[in-house]
Each structure stands twice: as C-alpha cells, then as structure tokens.
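Working notes, beginning with the structure itself.
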Amino acid sequence: MFSNYLSTDGPQILLFVINLVVFGAGIYLLICAQKKRISFSNRVFLAMAAGILFGLLLQLIYGTGSPVNKMTLSWINLVSGVYIGLLKMIVMPLVLVSVLMAVLNLKGRKDVGRLGATILGVLLATTAIAALVGALTTSAFGLTTTGLEKGQAETDRIAYLENKVSEVPTDLPGQIVSFIPANPFLDLTGARSSSTIAVVVFAAFLGFAMLGVARRNEAAFTRLNAGVKALHSLVLELVKIVLRLTPYGLLALVANIVAGSNWAQMMKLVNFVLISYLAIAVMFAIHFLILAVFGLNPLTYLKKAWSTLTFAFVSRSSAGTLPLTIRTQTSRLGVPESIANIGSSFGVTIGQNGCAGIYPAMLAVMVAPTLGINPLDPGFLLQLVIIIAVGSFGIAGVGGGATYAGLVVLSSLGFPVWIAALLISVEPLIDMARTALNVSDAFVANLVTARVRGELDLAAYNDSTIELVDESA
C-alpha cells in the first residue's frame with residue numbers, strides 16, 4: 001500500500017508533506033473559529049473559501065495528474081470520505097425513527113395520508129415543471145448531440161449503460177412494488193435505489209401498529225412510546241454530533257473538487273454545462289416564485305437554506321444531505337418535525353427536479369432530432385413530461401442517480417442510451433448544481449405543505465437570529 005510513496009522521489013514527498021501541513025492548518029483554523037463561537041453558517045462559508053483557495057493552489061502548482069496532487073488528494077479524501085460515511089451512517093436510523101415519531105404524533109392513517117399526498121403532489125408538480133424547463137431550454141439554444149466526442153472512457157461507459165438498461169424498470173407497477181420493504185433489514189442498509197422510501201413505508205407501518213397497540217393495551221403502548229422517544233432523542237444527538245463536523249468535511253470536499261477536476265476536458269462540453277446551469281437557475285427562480293405565492297420571503301429562505309444547499313452542491317448527494325435538510329427545516333425554517341421528516345425522506349428518491357427532471361429532459365430533446373422527432377411537438381413534450389414525472393419515483397439521491405433517471409426516460413421513449421455516456425466528463429460539475437436543486441425542491445415541498453396545513457411557524461421562518469446547530473450544546 002505504500003509502494004506509491006516508496007517510488008516517489010524526495011522532493012515530491014517533501015511537497016506532499018507541505019501540502020498536508022497546509023491542509024492541516026486549514027483544519028486548525030476551523031477549530032479555532034469553532035472555539036471562538038463563530039456561527040455555523042460563517043464557518044461553512046470559511047471552509048468553502050479555504051477549500052477553493054487550497055484546491056486552486058494544488059491545481060495551478062501541480063496540475064490534475066501529477067503524483068504530488070494525487071497523493072495529496074488521497075489524504076484529503078480521507079477527511080471527506082469519513083464525513084460522508086458518517087452522514088450515510090445516520091441517514092437510515094434518522095429516517096426510521098423520525099417517520100415513526102411523525103406517525104405517532106399525527107395519530108391517524110388519514111392524516112398521514114393527506115400529508116403524504118400533499119407533499120407528493122408538490123414534488124411531482126415541480127418535477128413536471130422542471131422537465132418542461134429542461135426541454136424548452138435545450139430546444140431554445142439548439143443543443144443537440146452534434147460535436148460530442150467518443151473517447152475510450154465514453155466507449156466503455158456506453159457498453160456499461162447498454163448492459164445496465166436491461167435492469168431499468170419502465171413500468172409503474174414494478175416501481176411501486178419496489179417501494180415495499182420485503183426485507184426491511186436489507187433496506188436499512190440502503191442497498192436498493194428505493195431503500196429510503198421502503199424504510200419510510202416500514203416506519204409508517206410500525207407507527208400504525210403502535211397506534212393499534214394503544215387502543216388495545218395502553219400500558220404496553222406507554223412503554224413502547226417511551227422507548228421510541230428515547231431512541232429518537234439518541235439519534236438526534238448523534239445527528240448533532242455529525243453535523244458539527246460539516247465545516248471540516250466541506251473543506252476537504254471543495255478542495256478535492258477544485259484540485260481534482262479535469263477542467264480542460266470539461267471545457268469541450270462548455271455549451272452543455274452552461275445551458276444546464278441556466279435551466280437549473282430558471283428552476284431555482286420558479287422555486288422562489290412558488291414560495292412568494294404562498295407568502296414566504298424567498299430571500300429569507302435562501303439565506304437560511306444556503307449552507308445546506310452549499311453542502312448538497314459539493315457533496316453531490318441528496319441522501320447524504322438529508323440530516324442537514326431535516327435539521328435546517330425544523331431549527332431554522334419553522335417546519336414541523338412530522339412534515340420535515342416525511343417530506344425530506346420522500347424528496348431523497350421522489351421528484352428530484354435536477355437529476356430526475358431537467359437532466360433526462362435535456363437528454364431526450366438532444367436525441368429526438370436524430371430520430372426525426374420534433375422536440376417542440378406538443379404531443380412529444382406531453383409524453384416526455386408524464387414519463388419523467390412517473391419515472392422520478394425511486395431515483396436514488398446519490399451520485400449516479402441522474403444517469404439512472406436518464407436511462408429510465410430514454411428507454412421508456414425507445415431512445416438510445418449512448419448520449420448519457422458521452423457526457424461523462426462533465427457529470428460531476430453538473431451534478432453539483434442538480435443536487436442542490438433536488439434539496440431545494442424538498443425544502444419547497446415541505447414549506448408549501450406546512451403553509452397549506454397552517455402548521456408553519458412564521459415567526460421562526462422570519463427570525464434571522466436562529467442558528468442551524470446549537471452552539472451552546
């Protein structure tokens with residue numbers, strides 16, 4: 001395992017050590033900021049700025065493929081990898097106990113059903129809008145498959161996707177069946193793309209069962225309820241511990257992205273990148289408009305959600321951001337725990353505006369002209385929007401989810417899937433913005449739902465002094 005270091009000459013080893021010392025200094029700076037009680041949000045921004053600066057220095061001094069850069073990033077990835085791993089560790093326990101508590105607090109199947117229907121309605125409606133935005137933006141700029149290059153990496157990716165497409169379910173009944181936790185212990189490991197929804201379903205059934213126990217054996221329910229509350233408190237304390245590590249994880253994530261990306265290769269597809277970001281920006285504006293329609297200040301929302309959206313951007317994982325997503329809503333945006341827990345869990349795998357909405361729509365519109373189809377034909381657009389909305393169920397909120405969504409849509413339309421492989425070099429850059437949009441959609445769905453139900457704490461939403469993490473704890 002140490003062969004890379006043994007085969008490296010002395011000066012490179014020295015530079016590698018200097019890089020680690022500089023990175024360690026950044027970690028120390030964040031520790032000092034925490035001891036001085038600098039707010040969580042400001043430490044997040046400080047970590048992001050330091051990560052960008054350090055990443056740029058590595059990129060400019062050494063270049064992407066240099067041995068020194070690779071060795072340095074391997075150790076930086078140790079920090080980011082540990083942090084992402086800890087986040088993934090708490091996702092499923094958090095979903096399980098949070099949804100279970102939400103069902104117990106709502107105290108009724110009908111209320112849970114109405115709540116879930118409202119959240120799903122907003123998620124699917126915004127996904128349909130996102131699909132339309134992606135399709136129209138792509139058509140407006142005449143973006144097609146012309147000029148896309150096929151290197152060895154792209155060729156290998158095409159072969160992989162063509163094999164993978166046979167595993168993609170294109171029927172809605174099959175997708176719905178996948179939400180059933182036939183093996184809840186397997187789903188608690190996050191083994192399937194629909195595991196998060198399956199855990200939500202499992203937790204809901206546990207909650208309904210406990211409500212049944214309450215009607216027949218109040219003493220047993222009291223003991224069960226006390227145990228669930230204690231477990232909920234334990235998991236929330238665990239979440240708080242992990243979230244305090246966010247600035248350190250963010251520093252490493254940002255440095256890795258800036259220093260490790262092949263910017264020259266990305267520039268070859270700059271048109272696709274710019275148009276993708278334009279479509280995502282338009283969808284963010286629509287999110288703000290939706291909030292304004294429901295009487296919520298978009299600037300207040302952006303200010304309070306910014307640190308979470310930033311983390312989603314650099315981590316490229318809606319699932320990994322879930323603890324922050326829930327915490328931000330309950331502690332800063334005035335959303336009740338029941339809505340935040342259920343809605344955010346749904347948002348990880350349903351109705352992702354960026355990965356399951358805009359991206360597959362862009363792919364379909366780019367391919368359509370090569371098959372003699374007018375991408376602006378109303379019939380085609382209607383079919384595309386419906387397929388994307390339905391296909392958005394079960395798209396995993398992790399890296400690669402957008403590719404899976406693209407396969408679902410392209411195979412449902414009978415289109416070839418090779419285009420998804422030709423964009424492999426810019427996937428990380430675009431995926432960052434898509435993930436932030438996915439998380440924003442979960443925020444919007446839960447805020448709208450809470451507002452419609454009259455359960456949103458407007459005083460908390462408008463209070464600019466509330467911090468994400470309790471610094472005094």
Side-chain angles (χ1 to χ4, degrees), residues 117 120-146 148 158 161-162 164-179 193-194 197 272 275-276 278-280 282-283 286 290 346-347 349-396 401-423 430 434 437-438 441 445:
L120 288 176
V122 178
L123 288 173
L124 293 180
T126 53
T127 302
I129 295 172
L132 199 58
V133 168
L136 295 178
T137 306
T138 305
S139 295
F141 287 89
L143 192 62
T144 66
T145 59
T146 303
L148 295 181
I158 288 174
L161 293 182
E162 287 177 344
K164 192 75 174 175
V165 73
S166 60
E167 304 173 13
V168 175
T170 57
D171 62 312
L172 181 58
Q175 288 177 295
I176 294 176
V177 169
S178 71
F179 301 156
S193 62
S194 57
I197 298 180
F272 183 79
I275 294 171
S276 296
L278 175 61
I280 291 169
V282 170
M283 198 60 210
I286 292 174
I290 292 172
F346 280 166
T349 51
I350 296 176
Q352 296 187 1
N353 286 185
C355 292
I358 288 176
Y359 182 68
M362 293 184 69
L363 296 185
V365 168
M366 290 173 68
V367 171
T370 67
L371 302 175
I373 298 173
N374 178 9
L376 293 178
D377 179 76
F380 171 76
L381 287 175
L382 179 61
Q383 180 188 19
L384 179 63
V385 168
I386 292 174
I387 288 175
I388 286 177
V390 173
S392 69
F393 280 84
I395 302 300
T403 300
Y404 184 83
L407 293 181
V408 170
V409 173
L410 293 173
S411 59
S412 298
L413 290 168
F415 286 5
V417 300
W418 51 264
I419 184 175
L422 300 185
L423 301 170
I430 301 171
R434 289 192 308 234
L437 183 63
N438 296 341
D441 188 43

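- Every side-chain contact (heavy atoms from CB on, under 4.5 Å) that I286 has, sequence neighbours left out, goes to I129, V133, V282, M283, I290.
- Distance alone, capped at 3.5 Å, is enough to place a donor-acceptor pair between the T370 side chain and the V367 backbone.
- Using a 4.5 Å heavy-atom cutoff, the side chains of L136 and V365 are not in contact.
- L371 contributes atom CG, which lies 10.0 Å from atom CG of L413 (distance to the nearest 0.5 angstrom).
- Annotation: the span from L278 atom CG to T137 atom OG1 amounts to 5.5 Å, rounded to 0.5 Å.
- At a threshold of 4.5 Å between non-hydrogen side-chain atoms, the residues L363 and F415 do not count as touching.
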Please tabulate, for the side chains in residues 375-391, all donor-acceptor contacts under 3.5 angstrom to protein atoms that are two or more places apart in sequence or on a different chain.
from: D377; atom 1: OD2; to: G379; atom 2: N; distance (Å): 3.1
from: D377; atom 1: OD2; to: F380; atom 2: N; distance (Å): 3.1

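- Here the OH atom belonging to Y359 is positioned 11.5 Å from the OG1 atom belonging to T138, to the nearest 0.5 angstrom.
- Annotation: side chain to side chain donor-acceptor pair (under 3.5 Å) contacts of T126 (sequence neighbours excluded): N353, D441.
- Atoms CZ and CD1, on R434 and I358 in that order, are 9.5 Å from each other to the nearest 0.5 Å.
- Taken to the nearest 0.5 Å, the CG atom of L120 stands 5.0 Å off from the CD1 atom of I350.
- Contact between V122 and A445 at its shortest, heavy atoms only, is CG1-CA, 3.6 Å.
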